[in-house]
Amino acid sequence: MDILENLNPQQYQAVTVGSGAVLVLAGPGSGKTRVLTRRIAYLINALGVPPYRILAVTFTNKAARQMQERVTAMISEPLRSLEGIWLGTFHAMCARLLRREHERLPYRSNFVILDEGEQESVIKRALKELNLNDKLYRPSSVLAAISNAKNALLLPADYPRQNYRDEVVARVYERYSQILLNSNALDFDDLLLWAVKLLRENPDVQEKYARRFLHVLVDEFQDTNQAQYELLKLLSAAHGNLFVVGDEDQSIYRWRGADYRNVLRFEQDFPHAQKILLEQNYRSTQTVLDAARAVIDRNAHRTPKFLFSDRGRGERIVFYEAVDDYGEAAYVVDTIQQWLVSGRARGSDFAVMYRTNAQSRLLEEAFLRARLPYRLVGAQRFYGRREVKDVLAYLRLAQNPLDEVSLLRVINVPPRGIGDKTLVNLQLVAQHNGVSPGQVLLDLGRKGEESPYWEAFKGRSVLTLADFGALIAGWQELVAAGAPLPVLFDRILADVGYQRYVDDQSEEGLDRWENVQELRRLAYENQERTLAEFLEGIALVSDQDTLNESTDAPTLLTLHAAKGLEFSQVFITGLDEGLLPHSRSRDDPEAMAEERRLFYVGLTRAKDRLYLVRAAQRSSFGAPEYTEASRFLDDIPDELLKREGVRLGRAMPGTGLRGVWASALRWESAPQKSSPAVVPVTTFRPTQRVRHPTYGEGIVLESRIEDGEELVDVHFESVGFKRLVASMARLERVERQGNGMSGGAG
DNA sequence: GCGTTACATATTTTT
DNA sequence: TATGTAACGC
C-alpha cells in the first residue's frame, strides 16, 4: 500500500512534515491514527529511519498494539519488521527504562508495580503507623493528593505545606514512599516520576536515550500530565523531533493529572512548532457533528475547530426519556433487538455508553433477559477479583520477597495461624534488624532454629512463620532455577492449599476457582516469558485492553473507555443531572467543562445514529429518586432531535406522585417506522389503573414482553413501585372515569 | 486466632 | 448495592 495514498492535504502535510516540533490538532474522526501510523511508516520507508531510532507513545496497550500492526503492514522490503522500535504506553516505556537503568536508582530491577488497591492499603498502613485518623484523612483522598504531587514532580520534601492538612499529607507521603522503597515496589505515578528523575539527574543516561531517539511521536497528547510532558522533552532533547497529536476537546483525564494546557505549553516551549489542524471528519453524519459542536462550543479556552463531513445530514438524533432506569435499559435493548431482528444491523454496530460503571448493571440484566449477547469493557475486572489478586500476590512474593504489600496480603491467606499479634511481632523484629519482614521469614524458613531471628519470637508463632518462610524460599529457588511459569503456579497453589480454600463447592466458590484456573491458563500461554515480564504485563493492562473485538455483539462501556472508538449506532444513557454532568463536578467549573468534553467524546463516537437516553426516575441505591434532564441536552438544537418515549418537564423534585403521573403519559411512542420488527402485544398499557389482591390499586407505568412473559411495572398506592409478571400476579384492570390523580404517596 | 454478624459507609472516570 | 470493618463469641 502506498503510504501517501488517500490523504487529504492536511493529513499529507502531517505525514510528510520535516523535522522539528509538530503539533497536530485532530478533531474526532479526522484520521488521527491514520496520520500517526503513516508518519511512522513514512519515516522508515521514505526517510530510511531505522525503527530502533523511533519512540512512539500511546496511553493504552490497545492503541499501541493497533499502531504496531498497522505500521508493520506498511513497512516495505527489505525491512518488514519494526524490530527495535519503542512503541508502547507511557507506563510500559518507563518500566522498561527503569529496569534497564536500575543501578542508577534505589530499586532493584525486579521491582513490582502496585495497583490502586495496593496503593491504598499502603496508605492505610502509613496512616496507622503515624497514628492518624483514617476518617479524617481518607485513604483515597490522601492517595489522590500524593498522586497529584507525583504528577507534578513533587517529592515528599517539596510538598507544599500551606496548612495542617498539607503537613499531614506530606508526612504520609514520606512514609508511603519509604514503605514502597523498602518493598522494592513502584506505583503507576512512580514509573513516570522516577523516569524523569533518572534522566534529569543522570545527564549521561539522558543523552544516551535522547541521542538514540531521532523521532518521538505521541498520541493523545492532551492527556499527558506534567511528568509525561517533561519526559517527552527530555527524550527528544537531542534532535528536537517531537511530533504530538491531540485534541483539547477530548481531554477527559484531568482528575488523573492530565493537563490539556500542555497543548498551549507546547506552543510556548516550541515557538517554531508547526501546527496542523485536521478538521475534516470521516466518521459521522453532519447531524452528529452539529450536535457535538453545539455542545463543545460552550467551553472556553479552546482552539475553535470547524468539523465538517461529506457524509450528508443523516438521521436525526433520537432523544428518549424513560420512566425509570429499568425502562431506560429496556428501551436500549428493545431498540437494538428490533434492529437485529430486522437484519439491518449487526451486534457490533452498537455501543451503549454511560458515565459510571455502576450503570452497566441494569443494562446487563436487560441484555441477559432478552438473551442478547453483549460485551463489556472494564468494570469488575478479572484482575480485581480477590482470588486473582491473592494468587498474583503469591507470584509477586516469589519474584520479590521484599514486597511487603503482597506479603501482608497473603501471609494469612488461607488462614495459617498468623494473626495480628504475630504479625506485629514480625514487623518489629524486622525493623529492629533493619531488614524487611520477608527477609526475616526467608531466614527462618531456611535456617530454622539456627536463624538469629528465631529467639526473638516466643511460643509456637515462630513455627508457623518458619513454615511459611520455607514455602517462599522454595518458590524463590524455583524462580531462580528458571522454572516455567505454570510449574511455579501449580507449586504455589499446592503448597498453600488454595483450591481447598476458595472452592467450598458453593456456586461462588466454583466461580472463584474458575478464575484461578483462568489465570493459570494465562500463565500457561505466557510460559515463554519470565515471571517478571508476566507480572508487569498484568500490572499494566487496562480495561480498554480487555475488549474482545472478534465478538459480534453490542459493547457496553463508560464514556471514558469509549475514547478512540467508533460505532455505527451509539446510545448515551443516563443523561440526567448528577450523573452527566456528575454531581461531583457541580461546583468546579473546570470539572464541569470536562464533563462536557466527556459528553462530546461520546457524541462523536457515532457514525450513523445517535440515541440520547435518560430516566425520569432512577435509584442510585436504595430509594428511587426523580431526576432532572442533563443541562447538556439544552444545548443541542431542537431541529436535530427526534423525541421518543415519555415527556417530562424539567425538575419535579419533591412533587410526589406528580412525577410518576407525568412520566406515565406517553407523548410520542410510535415504533420506529424504519424498523419492521414486531411490536409485542401487551395486555396492560401505561396509565391504566389496576388492582392487585395484596397491593390494592395502582397505575401501570410500563408494560412489555420479555421471554414471552408480560412484565408490568406498576406504581401502587400502598407499596409504591412493583414489577410484576402479568401471568402470575392476579392483576385486574380497573375501569374508571375521571383522572386518578388523587391518592397515593410519593 | 478465627469466624460470624451487624453496622456503617460510601459510590467517577483508570494507566 | 456491596463492601469493609468493628465487635463479639468461640
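Chain naming here is simple, since letters A, B, ... match the order of the sequence lines and numbering starts at 1 in each. Bear in mind the structure is a predicted one, so any value in this text is a computation, not a measurement.
Following rounding to the nearest Å, A/Asp325 (CG) and C/dT1 (C1') show an atom-to-atom distance of 13 Å. Whole-Å rounding puts the A/Gln250 CD to B/dT14 P distance at 16 Å. Regarding A/Ile252, its CD1 atom lies at a distance of 9 Å from the P atom of B/dT14, rounded to whole Å. The distance from atom CD1 of A/Ile411 to atom P of B/dC2 is 11 Å, rounded to the nearest whole Å. As a whole-Å value, the separation of A/Leu193 CG from B/dT15 C1' is 15 Å.
Between A/Trp86 and A/Tyr209, the two ring planes are tilted [angle within 30° to 60°]. Taking the six-membered ring for Trp and thresholds of 30 and 60 degrees, A/Phe468 and A/Tyr394 have ring planes more than 60 degrees apart, a perpendicular arrangement. The aromatic rings of A/His560 and A/Tyr253 sit tilted, their planes meeting at an angle between 30° and 60°.
No contact: A/Ser583 has no heavy atom under 4.0 Å from any strand. Nucleic acid contact class of A/Asp420 (heavy atoms, under 4.0 Å, all strands): sugar-phosphate only. Nucleic acid contact class of A/Arg138 (heavy atoms, under 4.0 Å, all strands): sugar-phosphate only. Contact annotation for A/Leu559: no contact, since no heavy-atom pair falls under 4.0 Å across all strands. Within the nucleic acid shown, A/Arg416 comes within 4.0 Å of sugar-phosphate atoms alone, with no base atom in reach, counting heavy atoms only. If you check every strand for non-hydrogen atoms under 4.0 Å, A/Asp189 touches nothing. In this structure, A/Glu594 reaches neither bases nor backbone, as no heavy-atom distance under 4.0 Å exists between it and the strands shown.
Considering only side-chain N and O atoms, A/Lys124 lies under 4.0 angstrom from the phosphate OP1 or OP2 of C/dT5. Taking only side-chain nitrogens and oxygens, A/Asn357 comes nearer than 4.0 Å to OP1 or OP2 of B/dT13.
When the options A/Val218, A/Val244, A/Leu242 are evaluated for a side chain to side chain contact (heavy atoms under 4.5 Å, CB included) with A/Ser236, the one that passes is A/Leu242.
In this structure, the side chain to side chain contact (heavy atoms under 4.5 Å, CB included) partners of A/Gln499, at least two apart in sequence or on a different chain, are A/Asp503, A/Trp513.
For A/Arg584, the side-chain atoms get nearest to B/dT11 when compared with the rest of B/dT15, B/dT11, B/dT13.
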